[in-house]
Structures are given as C-alpha cells and as structure tokens.
Amino acid sequence: MTTYITERIAIDPDICNGRPIIRGMRITVQTVLEFLFAGTTREEILYQYPMLEPEDIDACQQFAIKLMEKHYVIHEIKNVA
C-alpha cells in the first residue's frame, strides 16, 4: 500500500525498498537530493529525468527540511563483549 506523505512524496514498501519516492515512480527523494548536493542543476536533473516536474524537486527539498524538524536522541550503545 502506498502512503503519500505529501502530494508528491510517497512510501510504498514494494518500491525501492520502502524509501521515499516521487509520485510512485522508482525515483527516490535521496537520489534527487544527492544530485542537488553534488551541484547538479535543477535543469540538468529535469533533463536527465524527463518524467520529473520542477515541483517534484521542490517537494524533495521540503521533505528534507521537514525531517530536520524532528527531535533526535542519540543513545549510547553498550559494548557487550
């Protein structure tokens, strides 16, 4: 079953191992963000992935920002040896 986090970002356990994807396609949010981080322009991403729309890239960035709004706690892992 596909769960839509936004209108454009979804999680489906049967697609890309349940990683967040764009509109049910096999393009992960992580892929788009990695391209952006590497310096790839939006125009180049849209050229390489013609099925994407500019709003998809916006949604990926907004998704990453939303993840950073969460509160994280780091737990110490005890050495069992």
Side-chain angles (χ1 to χ4, degrees):
M1 181 172 128
T2 302
T3 302
Y4 279 87
I5 299 168
T6 70
E7 292 178 10
R8 294 182 176 267
I9 307 297
I11 294 178
D12 184 327
D14 296 328
I15 302 175
C16 296
N17 296 317
R19 291 189 171 160
I21 54 175
I22 302 167
R23 293 186 288 121
M25 296 183 279
R26 294 187 177 275
I27 302 171
T28 65
V29 170
Q30 180 179 351
T31 298
V32 172
L33 293 174
E34 286 175 348
F35 275 118
L36 290 170
F37 182 74
T40 307
T41 65
R42 294 167 61 91
E43 292 76 18
E44 181 64 21
I45 294 169
L46 294 170
Y47 176 78
Q48 294 295 330
Y49 295 90
M51 67 288 296
L52 290 180
E53 299 171 354
E55 295 83 6
D56 295 325
I57 296 173
D58 295 339
C60 290
Q61 292 174 310
Q62 291 167 356
F63 180 75
I65 290 168
K66 286 290 185 194
L67 283 178
M68 294 297 98
E69 292 176 353
K70 304 292 181 199
H71 296 287
Y72 298 95
V73 177
I74 298 174
H75 296 281
E76 183 177 331
I77 299 173
K78 296 183 180 185
N79 190 352
V80 185

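These numbers were taken from a predicted model, which means no experiment stands behind them. All residue numbers refer to positions in the sequence shown, counting from 1.
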Common cluster, Ile57/Met68, ILVMFWY with side-chain heavy-atom separation under 4.5 Å: yes
Presence of salt bridge, Arg42 and Asp56, under 4.0 angstrom: no
For [X] and [Y], work out which heavy atoms get closest and say how close.
X     : Y     : result
Ile9  : Val29 : CD1-CG2, 3.5 Å
Gln61 : Leu36 : NE2-CD1, 3.7 Å
Gly18 : Ile11 : O-CG2, 3.2 Å
Leu33 : Ala64 : CD1-CB, 3.9 Å
Gly24 : Ile15 : O-CD1, 3.6 Å

Evaluation steps, salt bridge (charged side-chain N to carboxylate O under 4.0 Å, His left out), between Arg26 and Asp12: CA-CA 10 Å; Arg26 294 187 177 275; Asp12 184 327; over 6 Å; no
By side-chain hydrogen bond (donor to acceptor under 3.5 Å, both in side chains) - contacts of Glu55 (at least two apart): none
With Glu69 via salt bridge (charged side-chain N to carboxylate O under 4.0 Å, His left out) - residues at least two apart: Lys66
Donor-acceptor pairs are to be reported for all side-chain atoms of residues 46-53 against protein atoms at under 3.5 Å, with residues two or more places apart or in another chain.
residue	atom	partner	partner atom	Å
Gln48	NE2	Glu44	OE2	2.7
Glu53	OE1	Arg8	NH1	2.9
Glu53	OE1	Arg8	NH2	3.1

Nearest-0.5 Å distance that lies between atom CZ in Phe63 and atom CD in Gln30: 10.5 Å
